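Just the heavy atoms: all of them, side chains too, but no hydrogens, waters or symmetry mates, feed the values below. Since the model is a prediction, treat every value here as computed from it, not as a measurement. Within every chain, numbering begins at 1; the chains are lettered A, B, ... in the order of the sequence lines, protein sequences first and strands thereafter.
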4 protein chains.
Amino acid sequence: MTADRPAEAPRSRKPRVDAARNQEAIVEAAARVLAEQGAAVDVREIARLSGVGMGTLYRHFPTKEDLVRTILRREFLTWAASAREAAERAEDPWAALADFFRQALSGYARHRAISECFALAWAEPDVEGLGELRAVIGGLTARAHEAGSLRPDASADDLLLLLVSLGHAARLTGDSDPEQVERLLRVSLDGLRPGHAER
Amino acid sequence: MTADRPAEAPRSRKPRVDAARNQEAIVEAAARVLAEQGAAVDVREIARLSGVGMGTLYRHFPTKEDLVRTILRREFLTWAASAREAAERAEDPWAALADFFRQALSGYARHRAISECFALAWAEPDVEGLGELRAVIGGLTARAHEAGSLRPDASADDLLLLLVSLGHAARLTGDSDPEQVERLLRVSLDGLRPGHAER
Amino acid sequence: MTADRPAEAPRSRKPRVDAARNQEAIVEAAARVLAEQGAAVDVREIARLSGVGMGTLYRHFPTKEDLVRTILRREFLTWAASAREAAERAEDPWAALADFFRQALSGYARHRAISECFALAWAEPDVEGLGELRAVIGGLTARAHEAGSLRPDASADDLLLLLVSLGHAARLTGDSDPEQVERLLRVSLDGLRPGHAER
Amino acid sequence: MTADRPAEAPRSRKPRVDAARNQEAIVEAAARVLAEQGAAVDVREIARLSGVGMGTLYRHFPTKEDLVRTILRREFLTWAASAREAAERAEDPWAALADFFRQALSGYARHRAISECFALAWAEPDVEGLGELRAVIGGLTARAHEAGSLRPDASADDLLLLLVSLGHAARLTGDSDPEQVERLLRVSLDGLRPGHAER
DNA sequence: CATGAATGAGTCTTCATTCAT
DNA sequence: CATGAATGAAGACTCATTCAT
């Protein structure tokens, strides 16, 4: 239908090895669409953008929900991993925390889906992937507490909620004013330092 | 909004009253439903709860979107007003700001619709009602800046975004842990104090 | 869409009183279609034949299954009633039984749906309507046994199964050879007389 | 199920054997599935149970209908043959007829497909296989008539219809009450004896 | 002017059949 | 010649909006 015979390398068309390629195309398209439009999109739109028929889509993901969950998990994991890596590059516990937030928020801004994922995750906290994020934040929090650079009354769960909270702001503002979210983050980070009245 | 037949004699008064009663019923029901279920509700549900027929509902609001916008605006205004009043009860500029946030967040938690309203409002900043909130926050910010109790690099827009941000957290956690949002708010407020590195 | 302004009498168009008319139209159309094509028909077909939109159909019957069950029950009851009446017109117990069968079979022939109904009913014996039929057959059987005109080893359940059995034949042959089913019925009725070896 | 590469020489024999093996597997699986679930099954199910791919299945049977018809014919023939054999074991014409029925019904009960086959066959009487059954029944009927053990007004076609009729009952009751169908059969056989009023 | 039944395009999902490897 | 992934036309059901009474 769109030719592209096995010429150079990647783009051939349908079968066998390319089932994988199709799946990837679906995932890619779905990720993009979900990021932009949220989970309410028409499945057809995803099929169209993937360049596959409905049947193919449903072969790979037996349900719209399956598709959405898969994408969300993937996006979530990628995002969480990149934030974790940012944290790992820093020596100082406090810098690690800050870099983690900065990286996470920059990813958050681009994903309507991640946001929705959290909205679900909060109601249903066993969503895959959330666990790891918690672990990462838990580690960062513990290190920062040990180093005395984080106010004692701030728990890992608080930081997770703060992340979601600022993430929402990041997504709302989008690319219009990246500085603004950065300012908000600085305020929060300053507020997380020890030495404030702890009531 | 519709008729307005202030004529001389026969059928002028009662219809008006009835129409007003109906409109009120619709608005009330819609507000409740939108708060609980968001803008995705079936219009029928609103009609049912209002006790009016679809036709009546559509006479008052020619479109679902009209209805939703109207409700959101109303809810928004009520909410903003209550936050403003909370602010006005305080003498101290900083206390006014804190009370404003506290009140606003407590309202936010209960309104799925307000959240969605902001999501729209951000893309389309001329939504009625947002202006007044901006004015209130602007006033609070100015006073606090004058009093020297707010860090100089925090603008009114920043505080608005912070509000939305924390509001999201408030709605996510719902009634499950009110303390957590309060902690987050304290962190932010501490971070908003002057004396932090301002880069 | 099909005109027919409120001229002579019945056919007006949609609302209020005519909700009933629509429901009737749906039921009528569905009965016809189910009789001819069985429960596998496209709902759209029924809507089309009824002259109503999908929404109307689904307003009256929230599910295809609801529609089918309703029709089946209605058809079943009508059919069973006409058979019962046929039985009641006869004085002699045996003649009553025979007339009952004759009438029932003639109805059976025209209803693919009744057949499917029985197929379901056998798996799920609490289907509404079956009960009454059982009662009728039970009564006929008892009277015939008392009168000594029915072989003692034939139970009411046996007669019910025989009815379904011959009914299937009646439907298969359709209008092509009504005599053949009549012959089969005579054979069975003869076989039901007392005086055969009862093992 | 695949492999089986017994020879050395060219590649002429093996493909044939493989193809035959595949066809057999398909037929076997299809027969089982059709018996259990009727003709509404998903073709994939059959392919899966056969252990062959869709392509292979469609190579052997270019259409689902082809497959179904083939299976039905095969099942039909097997079933008819076993009934015929049962008939042949009996000396007495009447006993032959009775045994034929008994055997046929026991097979019928297990085959949802046979029933559907008859439903088709009746509309389209040239279905292959039906002919032979007719012949068998014709023979049995003729012998029984000659022996004077069958009522004169019962034709071979009548017995065929009776068979289908009781078969339906047999399938409906399934294994739940084998005695009931046996009672029904006895009634019919008694009714088929000569000496009843023949109108 | 209120009512709520009617409309029908749009949504998710299935399945017989084809076709690239 | 086998494989099983791809296709896409239906099918059941929903819901914002209109309209006859």
Side-chain angles (χ1 to χ4, degrees), chain A residues 1 5-6 12-23 40-45 47 51-65 67, chain B residues 2-3 11 14-16 18-19 22 40-45 47-48 51-60 62-65 67, chain C residues 1 5-6 12-23 40-45 47 51-65 67, chain D residues 2 11 14-16 18-19 22 40-45 47-48 51-65 67:
Chain A
M1 217 154 242
R5 260 62 92 22
S12 80
R13 223 10 65 171
K14 275 165 263 157
R16 265 323 190 328
V17 247
D18 244 34
R21 213 175 288 280
N22 262 336
Q23 168 128 354
V41 260
D42 191 334
V43 183
R44 268 162 164 101
E45 178 76 358
V52 306
M54 293 295 292
T56 305
L57 199 156
Y58 271 85
R59 158 179 283 277
H60 289 285
F61 302 96
T63 277
K64 184 187 181 182
E65 187 174 348
L67 173 58
Chain B
T2 40
R11 40 206 54 187
K14 191 186 27 115
R16 272 281 199 60
D18 256 25
N22 271 336
V41 261
D42 191 331
V43 182
R44 275 159 159 102
E45 178 77 0
R48 204 174 51 74
V52 307
M54 295 292 290
T56 306
L57 197 157
Y58 269 83
R59 166 168 305 283
H60 288 284
T63 277
K64 186 187 181 182
E65 187 173 347
L67 172 57
Chain C
M1 212 156 247
R5 257 65 92 23
S12 82
R13 220 17 57 174
K14 275 164 264 158
R16 264 326 192 319
V17 244
D18 245 34
R21 213 175 289 279
N22 262 335
Q23 168 128 354
V41 261
D42 190 336
V43 182
R44 269 160 166 102
E45 177 77 0
V52 306
M54 292 292 294
T56 304
L57 199 157
Y58 272 87
R59 158 178 284 277
H60 289 284
F61 302 95
T63 279
K64 186 186 180 182
E65 187 173 348
L67 173 58
Chain D
T2 37
R11 44 204 51 199
K14 198 211 3 162
R16 274 281 201 56
D18 258 27
N22 270 337
V41 261
D42 192 331
V43 182
R44 275 160 158 101
E45 178 76 359
R48 203 173 54 72
V52 307
M54 296 292 290
T56 306
L57 197 156
Y58 269 84
R59 168 168 304 282
H60 288 284
F61 303 95
T63 277
K64 185 187 182 181
E65 187 173 349
L67 172 58

- request: Spell out protein contact along nucleotides 9-16 of chain E as letters: B when the base is contacted, S when just the sugar-phosphate is, - when no protein heavy atom is under 4.0 Å; keep the 5' to 3' order.
  value: -BBBBBBB

field: Distance in angstrom units between D:R59 CZ and E:dT17 C1', rounded
entry: 14 Å

- prompt: Rounded to whole angstrom units, what separation is found between the CG atom of B:L67 and the P atom of F:dT17?
  reply: 10 Å

task: Quickly work out the C:D18 CG to F:dC19 C1' distance and round it to whole Å.
output: 14 Å

query: Quick one: is F:dA6 close enough that its OP1 or OP2 comes under 4.0 Å of any side-chain N or O from A:H60?
result: yes

task: Pull out every stem in DNA chain F, meaning runs of 3 or more consecutive Watson-Crick or G-U wobble pairs with both distances under 3.5 Å.
output: E:2-21 with F:2-21

- request: Nearest whole angstrom, please: distance from the C1' of F:dT14 to the CZ of C:F61.
  value: 18 Å

- line: The reported gap from NE2 in C:H60 to CG in C:N22 (rounded to nearest 0.5 angstrom) is 5.0 Å

- prompt: So which one's nearest nucleotide on DNA chain E is more toward 5', C:G53 or B:L57?
  reply: B:L57

task: Only counting residues at least two apart or in another chain, list the ones meeting side-chain contact (heavy atoms from CB on, under 4.5 Å) with C:Y58.
output: C:V43, C:M54, C:K64

- line: From CD of C:E45 across to C1' of F:dA12 the rounded distance in Å is 15 Å

